[in-house]
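One structure is given here, and the rest of the page talks about it.
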Amino acid sequence: MVKKIISNKYAKVVLVIALILGIGFVGFKYINKSEESSSEAQTQKEERVMRGNITIDFDGDGEAEIPVVNLDFDVSEKLKELYVSEGDEITTGQLLAKLDDTEYVKKLKTAEINYKKAVANLEKTEEDKKLSLLNEKQKLEELKLKLEEIEATYLPMLEIEDVYSPQAIEIKKTSYENAKSAYETQKERYEVLINSNKDIELERANVESAKLSLEMAEDDLESTILTAPTDGTILNIAYKLGETISSVRESGEVTADTTHFMVVSDSDKVEVIVPVSEIDLSKVEIEQNVEVEFEAFEGEKFSGKVVSIDALPIIDNSGLVTFDVGIELEGGVEKIRSGMTCSASFIVRQKKDVNYISNKAVSIVDGKQVVKVKDENGNIEIKTIITGLTDGKYVEVIEGLNLGETIIIEEKKVE
């Protein structure tokens with residue numbers, strides 16, 4: 001009986017020890033596993049302090065537009081001479097083409113003759129008036145002299161009327177009044193002639209009209225010759241020798257089938273038009289820097305500046321509101337063609353040629369920005385740094401790190 005009791009107690013002790021050992025083992029495994037899990041939750045990678053640009057921007061898609069000049073003749077006639085071909089480089093003032101000017105030379109000669117005739121008529125009218133004034137003035141002076149002579153005898157007669165018969169005084173009076181009336185009439189006629197310029201004004205108007213016709217004829221003759229208004233490259237010529245250019249043609253977008261006589265581009269200038277949403281428009285301003293990349297030249301970036309912002313919006317069928325923004329590219333644009341598509345990055349803020357690191361390398365400890373730095377011997381130390389501009393991925397390092405230093409980036413492993 002006693003032996004049985006002892007055996008039961010022994011069995012219980014063994015069981016308790018076994019349970020304790022089991023729990024300890026499970027706890028150890030759990031703790032060990034937790035530590036392993038904890039160590040596996042973070043990964044480390046090394047990066048160096050880099051140097052370059054930190055940029056805050058927004059993107060938009062656009063299309064290249066090469067500024068062009070549409071050249072047309074202002075008169076109609078057959079194309080007589082063509083001195084250039086498509087693709088030629090031209091300079092300002094260079095002779096490009098010429099129309100048959102036979103009819104315009106005739107018109108000019110006729111206009112010259114008409115102008116000379118008008119000038120001659122004006123001169124004759126002025127001379128005629130001058131002669132008429134001399135004539136009328138002489139008559140006036142003669143009538144004045146005659147009036148003064150009659151006056152010299154008539155007025156004294158009135159003072160001594162008793163000496164003369166009434167009949168003699170009446171005759172003298174009639175002569176005096178007639179002479180006075182003739183003088184006053186001639187005087188009025190002379191004054192009217194002096195102040196009247198209708199004939200001369202009419203002839204002057206004829207001269208001006210003839211002069212205008214002459215100038216128009218000169219312009220028309222000059223318009224049969226087409227010269228380059230600017231340096232550039234000839235993109236298109238719409239007519240051939242012998243074809244009649246009937247009128248100045250109008251067209252909108254410049255394409256290979258344009259109806260303008262000649263289209264010339266300023267090959268040194270390329271403009272990119274980018275529709276910018278009304279939300280982003282507040283971030284755009286004139287002279288703002290832009291980086292442009294064309295689909296045709298992937299990886300190659302072109303610099304430019306904003307030169308225009310349309311005041312009127314464009315609203316598509318879905319109600320999206322955009323404003324066209326013009327960007328003029330700066331240099332190296334010879335291979336760009338009108339209509340090429342591109343993406344444009346509008347620079348809102350930018351720091352050039354600065355040291356920078358990944359944002360993920362920076363931690364905040366006691367309110368200070370710190371990074372883990374690995375030296376040449378593999379030792380890791382924590383350095384306090386001062387940062388500047390960030391684009392959300394990288395951050396400028398103002399103080400605390402040197403170019404090329406190795407930093408540690410710790411990231412949580414996502415399972």
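This chain uses plain numbering: 1 for the first residue, then up along the sequence. These numbers were taken from a predicted model, which means no experiment stands behind them. Values below: all heavy atoms of this structure, side chains included; hydrogens, waters and symmetry mates excluded.
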| query | Can you list the residues that meet the ring pair (Phe, Tyr, Trp, His ring centres under 6.0 Å) rule with F294, with sequence neighbours excluded? | reply | F302
| Is there a salt bridge (charged side-chain N to carboxylate O under 4.0 Å, His left out) between K335 and E300 once you walk through the steps? | CA-CA 12 Å; K335 57 188 176 181; E300 186 175 355; 2.8 Å; yes
| Between K107 and E218, does at least one N-O distance fall below 4.0 Å, as a salt bridge requires? | no
| field | Lys/Arg N to Asp/Glu carboxylate O, K351 vs E396, below 4.0 Å | value | yes
| field | ring pair (Phe, Tyr, Trp, His ring centres under 6.0 Å) partners for Y115, two or more places apart | value | none
| Contact check, side chains of I347 and V290, non-hydrogen atoms, under 4.5 Å | no
| query | Is K374 salt-bridged to E47, cutoff N-O under 4.0 Å? | reply | no
| remark: Distance col, row D100:CG vs K78:NZ, nearest 0.5 angstrom, shows 8.0 Å
| query | Should E410 and K360 count as an ion pair when the cut-off is N to O under 4.0 Å? | reply | no
| Side chains of V49 and N355 in contact at under 4.5 Å (non-hydrogen atoms) | yes
| note | Distance col, row S363:OG vs I409:CD1, nearest 0.5 angstrom, shows 10.5 Å
| message | Show, in sequence, the C-alpha distance, side-chain angles and deciding distance for E89 and T233, and conclude whether the side chain to side chain donor-acceptor pair (under 3.5 Å) test is met. | response | CA-CA 5 Å; E89 298 287 334; T233 304; 2.8 Å; yes
| Student check: side-chain heavy atoms of E142 and K146 closer than 4.5 Å | no
| note | F58 meets the ring pair (Phe, Tyr, Trp, His ring centres under 6.0 Å) criterion, sequence neighbours left out, with F346
| remark: Closest non-hydrogen atoms of A118 and V207, given as atom of the first, atom of the second and distance, are O-CG2, 3.2 Å
| task | Go through the steps to decide whether V373 and L401 satisfy the test side-chain contact (heavy atoms from CB on, under 4.5 Å), and finish with yes or no. | result | CA-CA 9 Å; V373 181; L401 292 175; 3.6 Å; yes
| Donor-acceptor contact present, side-chain S165 to main-chain A168, <3.5 Å | yes
| task | Please tell me if the side chains of I357 and T387 come closer than 4.5 Å, counting only heavy atoms from C-beta onward. | result | no
| K144 and L147: side-chain contact (heavy atoms from CB on, under 4.5 Å), yes or no, with the steps? | CA-CA 5 Å; K144 183 179 180 183; L147 176 61; 5.6 Å; no
| field | Side chain N379, main chain D375, donor-acceptor under 3.5 Å | value | no
| Does K187 make a cation-pi contact with Y190, if we ask for NZ or CZ under 6.0 Å from the ring centre and within 45° of the axis? | no
| Where do T92 and P229 come nearest, in terms of heavy atoms and distance? | CG2-O, 3.8 Å
| request: State, yes or no, whether a side-chain contact exists between I200 and L122 at a heavy-atom distance under 4.5 Å. | output: yes
| message | As an exercise, state the distance from CD of Q186 to CD of E141, rounded to the nearest 0.5 Å. | response | 10.5 Å
| query | Hey, is D353 close enough to R51 for a salt bridge, meaning N to O under 4.0 Å? | reply | yes
| said: Testing the basics here: between T390 and K393, what is the closest heavy-atom pair and its distance to 0.1 Å? | reply: OG1-N, 4.3 Å
| task | Specify the closest pair of heavy atoms between S338 and E65, including all atoms of both residues, with the distance to one decimal. | result | OG-CA, 3.9 Å
| task | Look only at the side chain of T185 and the backbone of A182, and say whether a donor-acceptor pair between them is shorter than 3.5 Å. | result | no
| said: Could you go through K117 and N206, starting from their C-alpha distance and side-chain angles, then the distance that decides it, and tell me whether this counts as side chain to side chain donor-acceptor pair (under 3.5 Å)? | reply: CA-CA 10 Å; K117 286 173 66 175; N206 290 337; over 6 Å; no
| remark: Heavy atoms of A97 and L79 approach each other most closely as CB-CD1, 4.1 Å
| task | Determine whether L389 and V395 make a side-chain contact, defined as any pair of heavy atoms from C-beta on separated by less than 4.5 Å. | result | no
| Could you go step by step and tell me if E77 and Y104 meet the side chain to side chain donor-acceptor pair (under 3.5 Å) rule? | CA-CA 10 Å; E77 196 48 77; Y104 293 100; 4.9 Å; no
| field | Short side-chain to backbone donor-acceptor contact, S181 and E177, under 3.5 Å | value | no
| query | For the atom pair NZ (K383) and CD (E405), what is the distance rounded to the nearest 0.5 Å? | reply | 3.5 Å
| query | In this structure, are over 12 heavy atoms from other groups packed under 6.0 Å from E215 atom CD? | reply | yes
| task | Under the side chain to side chain donor-acceptor pair (under 3.5 Å) rule, what do S343 and D59 come out as? Steps first, then yes or no, please. | result | CA-CA 7 Å; S343 61; D59 297 331; over 6 Å; no
| Taking C-beta and beyond as the side chain, do I237 and M262 meet within less than 4.5 Å on heavy atoms? | yes
| query | What closest approach, in Å, do A64 and I336 show between heavy atoms, and which atom pair accounts for it? | reply | CB-CG2, 3.9 Å
| If only atom types and distance count, is the side chain of D101 paired as donor or acceptor with the main-chain N or O of V105 below 3.5 Å? | no
| field | Note, V75 side chain near L99 side chain (heavy atom, < 4.5 Å) | value | yes
